[in-house]
Structures are given as structure tokens and as C-alpha cells.
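Working notes, structure below.
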Amino acid sequence: MRLLERDSNGEFSLTKDLVNNLPAYAILSHTWGEDDQEVTFQDLTVRSGKSKAGYQKIQFCGEQADRDGLRYFWVDTCCIKKSDAAELQKSINSMFRWYKNAAKCYVYLSDVSIPDDKVKSHSKIDFESAFRTAKWFTRGWTLQELLAPSSVEFFSTDYKRLGDKFSLERLIHEKTGIPVEALHGYDPTKFSVDERVSWVAKRETKHEEDMAYSLLGIFGVFLPLIYGEGRENAFSRLHEEICKRLRKHQPDELSTTSQATFNSTKRLKTTHSQSSSVPSRRDPNFLYPEPLFYSEYSVPGDNSPETGKELVTSIDATTKQSLIDQLYFTKIDERLTSLAAAQGTTCRWFLTKAEFISWHDLAEQPVHGGFLWIKGNPGTGKSTLMKLLFEEAKLNTKGNSLQITLSFFFLARGTVEEKSTEGLYRSLLHQLFEKAEELRDSLEWMTADGARVIQREGWREETLKQTLKHAIQKLGSRSLTIFIDALDECDKQQAAGMVFFFEELCDHAKGSQVRLQICFSSRHYPTVVIQKGIEVTFEDEIGHTEDIEHYIKSKLRLGKMKKVEILRSDILEKSSLIFLWIVLVVDILNSEYRNGAAFTKIRERLKDMPPKLTDLFEMILMRDGENLEQLQVCLKWILFATRPLKPQELYFAVQLGLDKECSGFWDQEDVDLEQIKTFVRSSSKGLAEVTRNRASEVQFIHESVRDFLLGKYEGQWSGSSGNFVGHGHEILRNCCLAQLNASINKDVDIPDPLPQASKASQLRETISLKFPFLEYSILNILHHANGAQQNAMEQGDFLADFPFQRWIFLNNTLERHHRRTWPTLFESTLRRSPVLTLKMSAMGFRFWPLWLPGVIKRSRHF
């Protein structure tokens, strides 16, 4: 087999005739034009043929192979020396195997040209009609070129990708009568001889004998070529060879195979609808294989005349796009982008680690099942490693459509989607559909009615899992690698269910001949076990120790102290290889040096440092005894806010918590954003930071800080009340109330009456800029009151004195859409505060619609 190779100048050359150890290659499937317009073997050997019409097909195949990361490709017009009868015979008998072994098969449809908008929308009229009428479906040789390769992609004459044989399976089946099962993976034992011959019934070849020769690979037999013997003789010899094979391998089928199947030209002209040789494949259920699960979303499997049910057609392109849009959520990649990247060569040792190489080795997959699980103590740097592994994998597969890489980083302090398995599946599907648009057809497992349920009510976890299974089934020859970080930051029950699902998914992928790899990371997780997999304990790795040594050497800045090496060794020994502990300690020691401390004092300071991370947190919080009230208000806001706050929001929330006379007005000439960010670090004693991404939000430096505050330190914060959470929500409620009651009129001119929401964007922008905390306080004050009441902190006095009139007025001032009526506003707020609602009922507010209008009437916005 000779292959074509494209050099840096875009020129093509032939390799020598390769026998063993063939490299990965792409292969072209096409229809021949005029003989004098096809580029031949002779043309390439003398470097001519560029002016021929067929040259553009070769050029297309080479460029597409290059885009897919394939150096070599094969085109029948010029890779076979047809003047050599022996080589031609060998090539035709090897053709099926050559197509089967190709990494990619590109179908070039020379008579199909579709505008960009039609390709994207898969228009039922333009796209399908053009595809169905392609000459390629009428040619005899293209049958094996459709069935043999695992990856078959279709392109228009202007090189636009139309889809592959999986995403277009319905159209291909309807056009050719070939069962979908055969498109998913051709196994000759599953289809009768008569049925396979019927697939060529409407096809033609230039030479009549080729009708028989083109079926050699379909039946796994070999024949010498005798051009001139005629069609009937060729089919007679083909029948004889097939019978020999059946006697040896499938004797039961021999009696059903007749000579008439092969020597009757009339039979081969019979249309698919008239053929009765394969009644089982006429069953309409066969069009839609049985769903992996059944639910209200799935296409029903019962389509029998007895039930009278009609098969539901696939959902349209607009509905598909709507479902895909609903997969997205605002912070879909927030954690990944805000996570600090590995510095220098940190973590890169893992790329050459034996376990990591084994995980990538396809031959080892039966042993590890495709799973790699990195485990480690809190703060060791697992997430940093996972970010590096994901970005390296993505970089290595750039431009290679055969390899897809996805990721998800759980975040316990994030939104519901960021810390749930539902968010995980939504994110993975969204990424998958972006990277491989043809996989969007995997949504067609559900009915149109089921799709409407999702449009109306949103995605559910089981539906997401079913869709992911269908999408992976359609990957074909492509591989999929998924990195999932911080399983411990997800609910334990959800995490256990997710691991079980991914094990099931890997088994399913194996059955579909799809390569699926999963890399998890988490703290040591004794409650979740995988049946197969490679496990790595991060803190036990030599490479991790070397990373820490390098970090200490580069970050410990003690000038030219001669004994600094002793200090470095002391830090490493005491750290238990917890990266976060080292980061905090190095920062403290550097601060001591800047303040003029001598070496002996710095070393004594290190000796006083507790070796446990949680004890270190406590020491940091209490070390100077300064601004403890500010510290507590700051940390409670980060703990209990309904969402992560902007630094300016946190700044004024804390100010209002400390000084009830504060108006919350931001004078940027008095304090700028950089000063506010410094305040975040100092007021939290360095345990909080502002994210470096576009969102720029305040968060703890690590999830272990939150665990510490809600665990060991909780008792110290709760005081005599013993109610940490309830007290925390009450503190936040009071800050919101202080902002609600603060006068803003002298700094913002609010018109009376208020303009329509659609015309008040400038007003809202001005208010948000001058009073950064106002909107949060208006929208969430009752949420925090509800949280306090839910945790046994009585809210009766608060409700009795609550300034409803001002609250409604400010709410309508900040309303972004339409102005809600007071019942709608009040109901929607209390619906999010059920415990508070019960308290109001107990206080006699059961008939609040009767007394609230009196409050409303006195409000100048109505």
C-alpha cells in the first residue's frame, strides 16, 4: 500500500510500497469523474496533474488529514499503479481492509454544495434533499467505503463538513436501506447474504464485473479479477466463494443462499420496498435502536400496528439549539479560569510518571478500565495539578478532531451548578456539543414532547446522563478524556452515584469501541471505591516533594542570610508536604524579615507554628488580637452570603456591620478598588482573596478554610448562643437592614414617579456604582432573616419594624425588567423564605394582602 504525504510547500509525494507497520492515515471516498481528469499514479511520479479537475480532491484530502493531525493519506486514483495488473488485483482484494484500517475516511461529494447557514441549521429542505441526491449513493464501490471505516465524514464540494455516518444515520438508512446497526459497526455475521446483496441493488459501476468485485470485502472473500467475463459470471464466482466460506464458518446459512441472488440482474434492480428477503430489517423499530433507558423523554420502542402508535420524528434543529442553550450556566468554567496555574516546572513530573503513562496506554485499558484517581490531603495542590494535566492534554490534541478533552472542577463555595453532579453533566455535554457539533444529533433519543418538557422545566440529572451515553455512543473512532477535580467538594451521595455512572459509561464505551478515559482528583475518599483504576497518593510522590522544595527556595525571601538553608529544611520537615501550609508560613516568615527580625527570631517564629493546617488557621486568626470584630463580620459574609461578593460589596457590607451610620456610599477619590482589595486580604487575615478572573469575586484561599470555620472554629464564634449559623445570618441581615435604612437621596437623584424599567438603565447603573452593596441588601435581606429564623433566631421584632414601604420602593427602583405589582414582588420574595413566611403567619400576618396595600398606598412609586 502506497500512501501520499504532503510536504510544507503543499506538494504531494508517494511513499514506497508499505507492507507492515503502516502509519495512521486518512482515506478518500469519492465518485470518479472523466478518466482524463483524474490524477493518476503516473501523474504523481512525474509531478504533473495539477491542472486536472481531480487534483482538488487530493488537495482537499491532504489538507483535511493535516487538520486532523494525520501526516499520510490515500486516494485510489493515484496510489494504485493500474497499468500493473498484479498490483491492481491485489489492491481491489485489499480495498475493504484498507478502508477499515483508516483512521479517517473523508467522503467528498462533488455534486453537493450547501451554503453555510444551511450546514449549521441542517435545513430539512435544502440540506437533506441535497445530501439524498448525491451521486455517491448510487455507485457500487462506495458501499464498502461506507461500511468498512469506523469514522466516515461527509464533505460538500466546497469542503464544508456535513456530518458523519452516525450523525447522518437516519438519512443514510432511508436513502440506502442499510440498517443503522451496520453503520454503527459492520459485523457480517449479523446480516444474511441476501440482505447484503440487496444493499447494492440500486448501485452501478462503470464495468459490469465491478458490481460483483465491489462486494468482495463485504463478504470477506477473494477473487482473481477477469474483466470481460461479464456480470453473470462474476456473480457466479462470487457465489461460489461465499458458499465455501459459509461451509466453513456459517453452515446454517448455506441453505438459504441461492444462486438466484447473484445471477439475476432483475433481482438487483428491485427497489428496497419490494424486497422481501429481510423482513426483520423492515420493522420500523429498527430505525431507532432501543433506548438505553426509558422515560417520558425517550422515543417509544412500540410502533406496532396493534398499538396504533406512530413513531415520533426527531426533534428539529431549533429545538436542539434551545436544549443546548439550556445546558449553559453563568459560571460554567469559573473555577478552572480562576485557579492559579502551576508555576514553572511545578507538577510537570507527573506527565512522565509510570502510572500516568499506563493510563494513556490503550493496551493497559483492560487493567485500569480507563480510570486514574489522584488523591491527597487538603491543600496539597491537587487542583493545580489537574489544571496542568487538562491544559497539557488540550494542547497535545489541538487541531486533532479524533481526540476530545473535557473538564469539570467542583467548587463547594460556588453556585449550585458548580458543586453538583447535575452541573457536571450539563458542563460536559455543553463542551462536547461545542467541540463536535455533529454529536448534537444524540439529542434525538428523546421525543419532541420530552424535549418540550426540558425547555419548560430545565434539564434533569437522569436526562443528562442518558444524553451523555447517547453522545458517547456516536463518537465512533474518536477518543474522549475527561478530567474531574475535587470530588470531595460535591455532595457525598452525588459523588458516589457519579463514580458508579462513569464506571457504567466506560463499559458502555468499550462496547461501542470508543476510548473513554476519566481522571478524578479528591481528598482521601474512603466511602467511594472504583472496581478498576490507577490510584496515586499525591503527598507520597517524590516529584511533589521536589516541587515544594523548589517553591520554598524561590519564595522564601530572607536576603543574604547565611543560615537560610537551615530554615528551608525546617519548613519542609514541619509541613507534612501540605502546599497551602507552606504558602501561608512562607508569607508570615517573609513578613517577619521585612519587619527587621533576626534569623534566630524568625526560626523561633517557625517553631511556634502549629504543624496542622487547621491549627495554623486558628493561629493566623488570633495572632495579633487586632480588629477581631471586623474579622468576624468579614468571614461571616464570605461564609453565608447567597453568592460570592464583589470586593466593593464586601467592603461596604463590613462597614455597615461595624458602623450603622455608614451610608454605603462609595467615594472613589477616598478609597479606590485596589485599596479595597487590600482591605479584603487584611480584614480576613490573609484567608480570603479576590479572584483574578473577569468576575473578580471574594473567596477563601482554599476550601479547607471554610471547613475549618464551620468546624473547629465554630464554637469560638458562636459564643454563649451556641448558634453559629443562625447568628451569622442575623449579622448579615443587620448589615442589609442598615443599608436599606441609609439615606441615598443626597447622592442619587431618584425621579418621582419612577421611569419604566426599560428606560432606567442609567439610573440603575449610577446607583450600583455609588452604592455597591444596595442591590444585594434589597434582594437578600429576607433570605438572611429566613436563615436566622430557620436556626432558632427569633425574627418577630425585625418583621414588626421592617420598612416594607422603603424596601418595595428601592426594589422597584432597581428592577431590571418590568415593574412587578406588590403582591407578585412580595410573594416571589417570601417563596424563597418559607420559614419566615410561617413566622409571619404566626404573628397575624396571615392576611398580609389586606394590610400591605395600606403600606403601598403611602409609597410614592405607585
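What you see is a predicted model; the values in this text were computed from it and never measured. Hydrogens, waters and symmetry mates are skipped; everything else that's a heavy atom, side chains included, is used.
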Legend entry - Donor-acceptor under 3.5 Å (Asp68 side chain, Leu70 main chain): no
Inset, instruction - Would you please name every residue forming a ring-ring contact (aromatic ring centres under 6.0 Å, His included) with His550, sequence neighbours left out? - result: none
Inset, instruction - Mind telling me whether Trp359 and Phe356 have parallel, tilted or perpendicular rings, with 30° and 60° as the class edges? - result: tilted
Inset, instruction - Indicate whether the side chain of Ser522 and that of Asp488 have a donor and an acceptor atom separated by less than 3.5 Å. - result: no
Inset, instruction - Apply side-chain hydrogen bond (donor to acceptor under 3.5 Å, both in side chains) to Glu391 and list each qualifying residue two or more places apart in sequence or on a separate chain. - result: none
Legend entry - Point-to-point distance, once rounded to the nearest 0.5 Å, from CG of Asp66 to CZ of Phe73: 9.5 Å
Inset, instruction - Step through it carefully: locate the ring centre of Phe433, locate the ring centre of Tyr328, and say whether they are under 6.0 Å apart. - result: no
Legend entry - CA sep, side-chain torsions, deciding dist, call: Thr31, Leu109, side-chain contact (heavy atoms from CB on, under 4.5 Å): CA-CA 8 Å; Thr31 54; Leu109 303 177; over 6 Å; no
Inset, instruction - Step by step, work out the side chain to side chain donor-acceptor pair (under 3.5 Å) result for Ser156 and Tyr108. - result: CA-CA 6 Å; Ser156 65; Tyr108 178 78; over 6 Å; no
Legend entry - Pair Lys532 + Glu503, salt bridge at N-O below 4.0 Å: no
Legend entry - Taking every non-hydrogen atom, the tightest pair across Pro644 and Glu697: CB-OE1, 3.6 Å
Inset, instruction - Examine distances only and state if a side-chain atom of His30 and a backbone atom of Lys57 form a donor-acceptor pair shorter than 3.5 Å. - result: no
Legend entry - Geometric class of the Trp98/Trp74 ring pair [parallel <30°, tilted 30-60°, perpendicular >60°]: perpendicular
Legend entry - Least distance between heavy atoms, Ala486 atom then Phe410 atom: O-CB, 3.3 Å
Inset, instruction - Evaluate the side-chain proximity of Pro378 to Leu580: yes if any heavy-atom separation is below 4.5 Å, no if none is. - result: no
Inset, instruction - Spell out, as yes or no, whether a donor-acceptor pair under 3.5 Å connects the side chain of Asp17 to the backbone of Met1. - result: yes
Inset, instruction - For the pair Lys353 and Glu541, find out whether any cationic side-chain nitrogen is under 4.0 Å from an anionic carboxylate oxygen. - result: yes
Inset, instruction - For residues Leu147 and Ile178, determine if any side-chain heavy atom of one lies less than 4.5 Å from a side-chain heavy atom of the other. - result: yes
Legend entry - Minimum heavy-atom distance between Thr380 and Glu539, given as atom pair plus value: CG2-OE1, 4.0 Å
Legend entry - Whether Lys474 side chain and Asp441 backbone form a donor-acceptor pair below 3.5 Å: no
Inset, instruction - Please state whether the rings of Phe538 and Trp349 are parallel, tilted or perpendicular, taking 30° and 60° as the class boundaries. - result: parallel
Inset, instruction - Taking the side chain as every heavy atom from C-beta outward, state whether Thr384 and Thr346 have any pair of such atoms under 4.5 Å apart. - result: no
Legend entry - Sequence-distant partners of Lys419, side-chain hydrogen bond (donor to acceptor under 3.5 Å, both in side chains), two or more places apart: none
Inset, instruction - Check whether any side-chain heavy atom of Thr537 lies under 4.5 Å from a side-chain heavy atom of His524, and answer yes or no. - result: yes
Inset, instruction - Over all heavy atoms of both residues, which pair between Ala130 and Val112 is shortest? Give the atoms and the distance, please. - result: O-CG2, 3.5 Å
Inset, instruction - Verify, without hydrogens or angle tests, whether Gln699 (side chain) and Thr691 (backbone) share a donor-acceptor contact under 3.5 angstrom. - result: no
Inset, instruction - Please determine if Lys331 and Glu417 form a salt bridge, counting it only when a charged side-chain N lies under 4.0 Å from a carboxylate O. - result: no
Legend entry - Glu169 side chain to Leu183 backbone, donor-acceptor under 3.5 Å: no
Legend entry - Smallest separation among heavy atoms of Phe520 and Met498, with atom names: CE2-CE, 4.0 Å
Inset, instruction - Flag the pair Glu462 / Lys465 as yes when at least one side-chain heavy-atom distance between them is below 4.5 Å, and no otherwise. - result: yes
Inset, instruction - Run the salt-bridge test on Lys165 and Glu438 with the 4.0 Å N-O cut-off and return the result as yes or no. - result: no
Inset, instruction - Give a yes or no on whether the ring-centroid distance for Phe371 and Phe502 is below 6.0 angstrom. - result: no
Inset, instruction - Check the side chains of Gln343 and Tyr551 for a donor-acceptor pair under 3.5 angstrom, ignoring hydrogens and angles. - result: no
Legend entry - Gln513, CD: over 12 other non-hydrogen atoms inside 6.0 angstrom: no
Legend entry - Test side-chain hydrogen bond (donor to acceptor under 3.5 Å, both in side chains) applied to Ser29 - qualifying residues, sequence neighbours left out: Trp136, Glu145
Inset, instruction - Please examine the side chains of Leu372 and Gln517, heavy atoms only from C-beta on, and report whether any two atoms are closer than 4.5 Å. - result: no
Legend entry - Modelled atom types, side-chain donor and acceptor of Glu461 and Thr421, under 3.5 Å: yes
Legend entry - Pair Arg426, Gln326: side-chain N/O donor-acceptor within cut-off below 3.5 Å: no
Legend entry - Side chain Thr467, main chain Thr463, donor-acceptor under 3.5 Å: yes
Inset, instruction - State, without any angle test, whether Asp164 and Ser167 hold a side-chain donor-acceptor pair at a distance under 3.5 Å. - result: yes
Legend entry - Expected output: side-chain Ser420 to main-chain Gly423 donor-acceptor under 3.5 Å: yes
Legend entry - Backbone of Val583 reached by a side-chain donor or acceptor of Lys555 within 3.5 Å: no
Inset, instruction - Using modelled atom types only, decide if a donor and an acceptor are shared between the side chain of Glu418 and the backbone of Leu411 within a distance under 3.5 Å. - result: no
Legend entry - For the student: nearest non-hydrogen atoms of Ser151 and Ser477, plus distance: CB-OG, 3.0 Å
Inset, instruction - Could you tell me whether Phe500 atom CZ has more than 12 heavy atoms of other residues or ligands within 6.0 Å of it? - result: no
Legend entry - Sub-4.5 Å side-chain heavy-atom contact between Glu535 and Glu355: no
Inset, instruction - Could you tell me whether the side chains of Asp325 and Ser322 share a donor-acceptor contact shorter than 3.5 Å? - result: no
Legend entry - Pairing residues for Tyr72 by the side-chain hydrogen bond (donor to acceptor under 3.5 Å, both in side chains) criterion, not counting sequence neighbours: none
Legend entry - Whether over 12 other heavy atoms sit under 6.0 Å from Leu395 CG: yes
Legend entry - Side chains of Ile404 and Leu475 in contact at under 4.5 Å (non-hydrogen atoms): yes
Legend entry - Test log, rule side chain to side chain donor-acceptor pair (under 3.5 Å), inputs Arg440 and Gln321: CA-CA 9 Å; Arg440 297 179 178 203; Gln321 188 58 54; 2.8 Å; yes
Legend entry - Criterion side-chain contact (heavy atoms from CB on, under 4.5 Å) on Thr397 and Thr481, from CA distance to verdict: CA-CA 11 Å; Thr397 58; Thr481 305; over 6 Å; no
Inset, instruction - Using only heavy-atom distances, determine whether the side chains of Thr545 and Glu549 contain a donor-acceptor pair under 3.5 Å. - result: no
Inset, instruction - State, without any angle test, whether Ser521 and Asp485 hold a side-chain donor-acceptor pair at a distance under 3.5 Å. - result: yes
Inset, instruction - Please assess Leu388 against Arg348 for the test side-chain contact (heavy atoms from CB on, under 4.5 Å), listing each intermediate value before the final yes or no. - result: CA-CA 8 Å; Leu388 173 82; Arg348 299 195 71 83; 3.7 Å; yes
Legend entry - With sequence neighbours excluded, residues passing ring-ring contact (aromatic ring centres under 6.0 Å, His included) with Tyr425: Phe501
